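These notes concern the structure reproduced below.
The structure displayed is predicted, hence computed values, not measured ones. All chains are named by letter (A, B, ...) in the order of the sequence lines, taking the proteins before the strands, and each is independently numbered beginning at 1.
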Amino acid sequence: MTKYLARRLLGAIPLVIGIATIVFFAVNLAPGDPTLRFLAPGMNQEVIEQMRANFGLDQPMHIRYVKWLGAMLTGDFGYSFSHSRPVLAVLRDFVPNTLVLSAVALVVAFVLGVLLGTIQAVRQYSKVDSGLSVVLLFFYSMPSFWLALMLILTLSLFARNVWELPIWFPASGMVSTDYEFLSFGAQLRDRFMHLVLPTLSLALVLTAGIARYMRGSMLEVIRQDYIRTAHAKGLSERVVVFKHALRNALIPIITLVGLYIPVLFSGTVFIEYVFAWPGMGRTIYEAILTRDYPLVMAGSFFFAAMVVVANLIADVLYAIVDPRIRYE
Amino acid sequence: MSSDVGSLVVEHHQGTSRGGRLLSAILPGLPQLLAGRWGVGSAALLTWVGLLWIVVARPSRVASALGGAWDEQLAVGTLVVGLSTAWLWSWRDVAAAHEVKRVGVSVWELAVRAFSKNRTAVAGLLVIVGLYVIALLTPLVAPYDPAFQGDLLRERYVSASAAHPLGTDQFARDVLSRLLYGARISLLIGFVAVSISVTIGTLLGAIAGFLGGIVDGVIMRFVDMVISFPRLVLLITIIALFEPSIFLITAVLGLTLWPGTARIVRGEVLSLREREFVQAATALGFSKTRIILRHLIPNALGPVIVAATLGIGNTIVLEAGLSFLGLGVQPPTPSWGTMVADGRNVLLNAWWLSTFPGLAIVFTVLSFNLVGDGLRDALDPRLRS
Amino acid sequence: MSAESAPALLSVRDLRTWFFTDQGVAKAVDGVSFDVRAGETLGIVGESGCGKTVTSLSVLGLLPQPPARVMEGSSVRLRGEELIGSGERRMRALRGNEISMIFQEPMSSLNPVYKIGGQIAESLRLHRGMDRKAARAEAVRLLAEVGLSEPERRVDEYPHQLSGGMRQRVMIAMALSCEPSLLIADEPTTALDVTVQAQILELLAELRGKFGMAVLLITHDLGVVAEVCDRVVVMYAGQIVETGTVYDIFGEPAHPYTRGLLDSLPSVEDPGKRLDSIPGTVPNPIDWPTGCRFRARCPLATEGCELPQDLVELGEEGRTARCWRAPSLVATGAAT
């Protein structure tokens, strides 16, 4: 087991470095000079050159690459132009928020998707199955940013202003403006309420994908001989499905979830943008627009690293669920 | 109605009388519909009636389009081709009703037949074809020019009305017309981007799978890197650093999609490589290029087609997303994504601005997904056996 | 051990299991009746597609009822208790407990993600109410009973760590854990090597003697039948075409189909002889032919065979054949 994990870990490192390299060259080969932001009319050439030297932009590409790589490995991600702070500080502020949102969305998508897919498979051809298939197909075909707007429209704006419902969800931010003045219980509730719409927007599209796949996987597992054996032992339907079938059906789902992690992070860009959620998705988007290269590179590196970590976790889960893998 | 004759399946069509020919001349598709063939019948009939309606309702528009811009001429061309195709097909179909047709049992023909039995998939296919046809005909069909601004005092933010079935936006532009023109962008970009990615991906995947060794290692490392990275971040990075244009967007979308196809093709080729027909081809002295192109790729195409179809839907969503963020198609060209973004600020008061473009995206992508699912079901069991 | 006068343990009467498909109704089992007495081994023999597996699954109610349906008028009685229509809860109480079943593919019949000890213990905990510790100890004992070496170690292993023969032994241990009175074995040795086959059959015979249980053995392999069974039922096209003791069937087969089956066996006495086979194929269950279903392939078919055939009694008790010509053929010795 540990050998398996060690091998996976070793394979991941070149992957991360490779991605970071691609990002570095993509960013640095682009037209546009970051120092232009700081130009005032009439600045003389010497000052400009000095600034460029400060940012190391006067050196050839490959040297800059090596220096950057070295700096990154020591944790020095440079200085963010647009935030006027060290990049590391920026990351520290925004990364946890994205992680919270992504993790919650992933858990919701996984649980809901597995549940719905199982229900569909066990009740194949019934009205529940067909109905769910239609609904899931809808959500699967939906852009997450549009779903976000529609949820805001119905559960936030209409609920509050038009239908005047007692419960409505906030449409932006992670916490309310008066957060500091709330009691602890109210603070928790506030966080939760702010989390609902962004999580749903991010999760529902993934749920549809997982549920569709789970249905197929479960259907295949139910046809297997060992399910027939379980029935022949006199076990109830519930035990057969949730003990014997589920675990086997989950095996390919774990791989699928691993493939969905990059999609999840892409989605955070949209969701954080729409909901003004203070996270890495929105931050990196703004950084790209303002040509804040150090932040862009650090942010990309973060995403790449997260994907690799998530895949490693998926590999661990894979080995836990399927004992056959452990003995390779 | 079919019967087995050895290994060939013989199909008999329902017969239609001479009155059928007359009916077909006036209303192509109706005889088939009456004979119970709802799919082809309704398709032909709808095409005929719809296209004819355009000519009848807006003769001046059609006339002026004949000498207009290239896309207007294309629209007229589509009109003519559509009308003649529907009429000719129906005519020949009715005339051939008494013949006994023999249909083959090749893998593709079996798949086509299995696909046709899947009603939702066929419906999806009809919608997609319809969308592309409407996209081509848009200059003739759209009620307004998409950039045309109405009376800025009185016609801004109008919700559904007779003049504007889907309302107007902040510049008093007709939403329906912009929706139609936006469709052209999405459908075009989706198709071209996926074509690029399928071409590159299939070639590289086949090469990697067949040659193995270092070539395989290098290509697959690269594939892994691109797949592991959030595609959107890569897209935004590249597009924002250069100037957004339809050309760039399409190219970048295509260039970030090919790794998925490459992986699929490589998998197929790896399993095909060990099959006897490949060993036979090698023994006969066929060059590697020939084997890859003529023998491996055609057999690996099944999953590729499925992935490509689903990929078009995916690409349309991404293009809309990029436009939503302002990094896609630039105004004044209408794109569904931009329209959704425009409506964001007035969500409560003019909800239709964001809702309808989004619904358009959902239905379009849904159709592609239905077709993709249908293709997967039609191709897989056949290929497995 | 004479079991002829003992009352029937399992009594199947006019079992009809039909499958309702898009292409039509497949009458997989079309009026099958037989008894299994306590302690005896009854073999059901036939080609694939004759309905023998469906019969066994119908006894335990293991067929998914949407496409399949056990038709009204069918009766399956265990010690006089009617099982058809008795409800899922009653059936679950019986499965793995009073009636156990083992299947053909040991490689895929065990759940790959759970330890084999746990899978055996599951039955014990369900039907005998044992706690985890006791069940585990019993599982170890059962593994030793079925001839697995190092049962203490094996009990914590996973199916993929065992060979086919070992897995089948585990299946047998699982099936016998609650001491059933009837074991249904559906092609238990077909997927195994010949040497392992012999071992498994030996094991089954040994355990059968020890537990005194009845065995319903489904197979297409006449060699297995000859070795293990007391009585035999031959099935063809959803019906029983011959019944009798194993000596009757092998010594004096009455039905042309049975004779065809025996003739197609390679002969030890005449090793170079060309193998006979029964010409033609099994008809389509959606469309059973009228009259004798074997008529198209029968070398003795003649006028009179186009009428539906009933089981004809041939003298001794329990000796029947579904062929109106059978009595005359047996009498004149035209059987050989």
Expected output: side-chain Y140(A) to main-chain N369(B) donor-acceptor under 3.5 Å: no
- request: State, to 0.1 Å, how close L347(B) and L153(A) come at their nearest heavy-atom pair, and which atoms those are.
  value: O-CD1, 3.3 Å
statement: Separation between CG (L322(B)) and CZ (F270(A)), nearest 0.5 Å, reads 6.0 Å
message: Looking at E220(A), I want to see if its CD is surrounded by more than 12 non-hydrogen atoms of other residues, nucleotides or ligands under 6.0 Å.
response: no
field: N/O donor-acceptor pair under 3.5 Å between W146(A) side chain and S354(B) backbone
entry: yes
message: Using side-chain contact (heavy atoms from CB on, under 4.5 Å), reason through L289(A) and L327(B) one step at a time and then give a plain yes or no.
response: CA-CA 10 Å; L289(A) 288 184; L327(B) 290 170; 4.0 Å; yes
field: Close side-chain approach of I284(A) to I236(B), heavy-atom, < 4.5 Å
entry: no
- request: Look at atom CG of L165(A) and say whether more than 12 heavy atoms of other residues, nucleotides or ligands are closer to it than 6.0 Å.
  value: yes
- prompt: Under 6.0 Å from the OH atom of Y213(A), do we count more than 12 heavy atoms belonging to anything else shown?
  reply: no
message: Tell me whether the count of non-hydrogen atoms from other residues, nucleotides or ligands lying under 6.0 Å of CZ in F115(B) goes above 12.
response: yes
message: Using heavy-atom distances under 4.5 Å, tell me whether M150(A) contacts chain B through its side chain, its backbone, both, or neither.
response: side chain
field: Leading residue by heavy atom contact count with chain B [cutoff under 4.5 Å; candidates P143(A), S156(A), P262(A)]
entry: P262(A)
Between CD1 on residue I152(A) and CG on residue L348(B), distance to nearest 0.5 Å: 12.0 Å
field: Heavy-atom contact with chain A under 4.5 Å, split by part of N314(B)
entry: neither
- prompt: Nearest heavy-atom pair of L149(A) and R344(B): which atoms, and what distance?
  reply: CD2-CG, 3.7 Å
query: Given that the side chain runs from C-beta out, which part of V162(A) has a heavy atom under 4.5 Å from chain B: side chain, backbone, both or neither?
result: side chain
task: Of all the heavy-atom pairs spanning F145(A) and V317(B), show the shortest one and how long it is.
output: CE2-O, 4.3 Å
query: Which residues in residues 360-367 of chain B have a heavy atom less than 4.5 Å from any heavy atom of chain A?
result: I361(B), V362(B), F363(B), V365(B), L366(B)
statement: Highest number of heavy-atom pairs under 4.5 Å with chain B among F139(A), F265(A), F303(A), Y285(A) belongs to Y285(A)
- request: Would you mind checking which part of L147(A) comes under 4.5 Å of any heavy atom in chain B, side chain (CB onward), backbone (N, CA, C, O), both or neither?
  value: neither
- prompt: chain A contacts: which residues in residues 222-234 of chain B have a non-hydrogen atom closer than 4.5 Å to it?
  reply: F222(B), D224(B), M225(B), I227(B), S228(B), F229(B), P230(B), R231(B), L232(B), V233(B)
